[in-house]
Amino acid sequence: FLTGRPATVAAVFGDQTTHLGTDVYSAFFQDDFQMSRKLTLNLGARWEYFTVPKETGGRKFGVFDASAGQLVHRDTPYVTSKRSFAPRVGFAYDPTGTGKAAIRGGYGIFYNQGTVGTARNLALNPPEATSITYRGTTLAQPFAGQGTAAVPSLISITPEWPTSYLHSYNANVQIEVARNLAFDAGYYGSTGRNQEIALEINQATYIPGSSTATNTDSRRPFKGFGSIRVQSPIATSKYDSLQVGLTRRVSKGFSAWGFYVLSRCIDYGSSASSRPQDGTNWQAERGPCNFDARHRVVVSFLWDLPGTYTSRALGFVLAGWQLTVAAQFQSGSPLTVLLSTDNTRTGNRLDRPDLVGDPKVANPSPAQWVNATAFAVPALGQFGNLPRNTIIGPGFSNTDLALMKDFEIGPNRRVQFRFEVYNITNTVNFGSPALTLGAINFGKIAQTRTIRGDAGSSRQLQFGLKFYF
């Protein structure tokens with residue numbers, strides 16, 4: 001590179017502009033029914049239909065036909081259902097009839113719109129986009145000479161696409177335990193169906209004694225292609241939580257609330273791009289969701305600072321200030337240990353190690369968050385037994401403060417002064433540890449969670465003015 005002669009130069013050629021269009025049709029009804037003085041029902045239903053994305057520019061979608069072993073081009077990428085009916089049921093019951101207690105519950109189905117992003121990728125499969133590699137060129141003329149077309153890798157989709165949806169349900173109790181003070185406790189949960197993940201259907205087969213990192217493509221079942229990732233709506237998810245809280249309604253210029261959540265989320269992949277380490281055994285990916293946080297506490301209050309002043313000038317400056325504080329604390333999110341090499345020789349490069357000990361350390365710190373001796377590289381060609389998302393990263397703690405006051409400067413005109421402090425305690429929120437087994441920094445944390453400009457970064461002070469008119 002320093003001499004101006006790179007080893008290889010790769011470029012993608014072709015018109016990669018897509019013009020996708022899709023329509024959404026919805027119909028619903030919902031109403032409250034007062035069954036008695038104590039009981040109210042909320043009943044409804046919704047129907048939704050998300051049309052299959054179309055290429056308004058006339059471009060076809062490249063979809064891999066596994067039965068024929070070839071890439072075919074279609075006007076529509078998949079077929080979907082119009083039977084997306086979503087019932088909604090809710091109730092509110094006042095057991096005492098005094099308005100000081102309430103029992104509530106609800107259930108509903110919620111549908112997710114189709115995969116427009118995946119449809120765009122289908123429109124960019126060959127021949128619309130072709131990757132060419134050049135060797136022996138210079139930085140001055142990187143595309144000189146005759147390039148070599150790379151083995152095409154594809155993104156495809158299942159021919160039938162059931163709309164993904166969520167069963168959402170909850171039941172809770174609210175009790176007035178004192179004047180202006182309410183206690184809440186409830187269960188909140190959901191179950192996901194037809195969740196999208198990406199399956200590798202062209203992973204290379206391991207042949208003992210004949211499998212190397214350089215002959216991966218020759219060992220794939222569909223010759224002439226590299227990776228073929230098929231977006232598949234086959235996964236599920238499950239979320240359960242206990243939520244407990246206290247709310248103090250505004251009284252004497254002060255209001256506050258605080259909630260604690262104990263939760264668990266399980267799935268097979270937390271995004272549409274999630275890929276199993278073994279494309280033939282996606283069920284082995286069952287584990288905590290990427291965003292799972294077992295414990296979470298949120299507390300906030302708003303206080304109109306008291307004070308009366310006989311002097312009009314002092315009142316203009318000192319009266320009417322508001323102080324607000326918001327704090328959140330939560331446990332760490334799950335993380336996955338990966339190998340640095342393609343140990344299974346499948347070409348997926350998502351191999352996990354074997355778990356041979358306790359990955360936890362007595363006193364985790366940025367210098368050592370994970371016990372490296374708890375993992376071992378499996379035998380060549382074998383998948384590791386370590387489940388997905390078994391390591392828990394650092395927790396999160398953040399407290400923000402704001403002091404504000406409105407200054408009336410005329411009819412329907414005012415200026416608001418704000419002084420805000422983010423992460424007032426200057427708590428260090430560590431980022432995730434390096435979890436590539438074999439790397440020199442394995443198990444170590446090299447940075448904070450957020451460098452700047454977001455919740456969890458170092459303490460920041462901010463002054464501001466707002467003009468309302």
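Positions are given from 1 along the sequence.
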>> Has Asp342 got a side-chain atom pairing as donor or acceptor with Gly347's backbone, closer than 3.5 angstrom?
In response: yes
ask   = Should Arg349 and Asp351 count as an ion pair when the cut-off is N to O under 4.0 Å?
value = no
- Assess whether ring-ring contact (aromatic ring centres under 6.0 Å, His included) is satisfied between Phe50 and Tyr25, documenting all intermediate values. CA-CA 7 Å; Phe50 307 104; Tyr25 299 93; 9.9 Å; no
Between Pro77 and Pro53, the two heavy atoms sitting closest are CD-O, 3.5 Å
ask   = Would a distance-only check, ignoring hydrogens and angles, find a side-chain to backbone donor-acceptor pair under 3.5 Å from Thr427 to Asn398?
value = no
query: Within 45° of the axis and under 6.0 Å from the centre of the six-membered ring of Phe417, does NZ or CZ of Lys405 qualify?
result: no
Under the 3.5 angstrom rule, does the side chain of Arg286 hit a backbone N or O of Gly269 as a donor-acceptor pair? no
Looking at Phe110, is Arg88 sitting on its ring face, NZ or CZ under 6.0 Å from the six-membered ring centre and within 45 degrees of the normal? yes
*asked:* When you measure from the side chain of Ser218 to the backbone of Asn215, do you find a donor-acceptor pair of N or O atoms at a distance under 3.5 Å?
replied: yes
Arg345 charged N/C atom sitting above Tyr206 aromatic ring, 6.0 Å / 45°
no
Heavy atoms of Gly224 and Val151 approach each other most closely as O-CG1, 3.8 Å
*Heavy-atom donor-acceptor pair, Asp65 side chain to Leu71 backbone, under 3.5 Å*: no
For the side chain of Asn125 and the backbone of Ile155, is there at least one donor-acceptor N/O pair under 3.5 Å apart?
-> yes
Could you please spell out the steps behind the side chain to side chain contact (heavy atoms under 4.5 Å, CB included) verdict for Arg296 and Tyr260?
CA-CA 6 Å; Arg296 180 175 172 83; Tyr260 166 72; over 6 Å; no
Sorted by chain and residue number, the salt bridge (charged side-chain N to carboxylate O under 4.0 Å, His left out) partners of Arg219 (sequence neighbours excluded) come out as none
Taken in chain and number order and not counting sequence neighbours, the residues that satisfy salt bridge (charged side-chain N to carboxylate O under 4.0 Å, His left out) with Asp267 are Arg388
State whether the side chain of Ser153 and the backbone N or O of Ser227 hold a donor-acceptor pair below 3.5 Å, judged by distance alone.
-> yes
On a heavy-atom basis, the closest approach of Pro221 and Ile201 is CG-O, 3.9 Å
Between Arg352 and Gln277, the two heavy atoms sitting closest are N-OE1, 3.0 Å
Without placing hydrogens or testing angles, list every side-chain donor-acceptor pair under 3.5 Å for residues 354-365, not counting sequence neighbours.
unit_1: Asp354; atom_1: OD1; unit_2: Asn385; atom_2: N; d: 2.9
unit_1: Asp358; atom_1: OD1; unit_2: Lys360; atom_2: N; d: 3.1
unit_1: Ser365; atom_1: OG; unit_2: Ala367; atom_2: N; d: 3.4

Do the ring planes of Phe64 and Phe225 sit parallel (below 30°), tilted (30 to 60°) or perpendicular (above 60°)?
-> perpendicular
side-chain hydrogen bond (donor to acceptor under 3.5 Å, both in side chains) test vs Thr191 passes for just one of Tyr239, Tyr169, Tyr165, namely Tyr169
- Task: Take Thr163 and Asn194, measure what side chain to side chain contact (heavy atoms under 4.5 Å, CB included) needs, and give me the verdict at the end.
- Result: CA-CA 7 Å; Thr163 305; Asn194 302 336; 5.9 Å; no
- Would a distance-only check, ignoring hydrogens and angles, find a side-chain to backbone donor-acceptor pair under 3.5 Å from Asn371 to Thr373? yes
Using a strict threshold of under 4.0 Å (side-chain N to carboxylate O), is an ion pair present between Lys60 and Asp75? yes
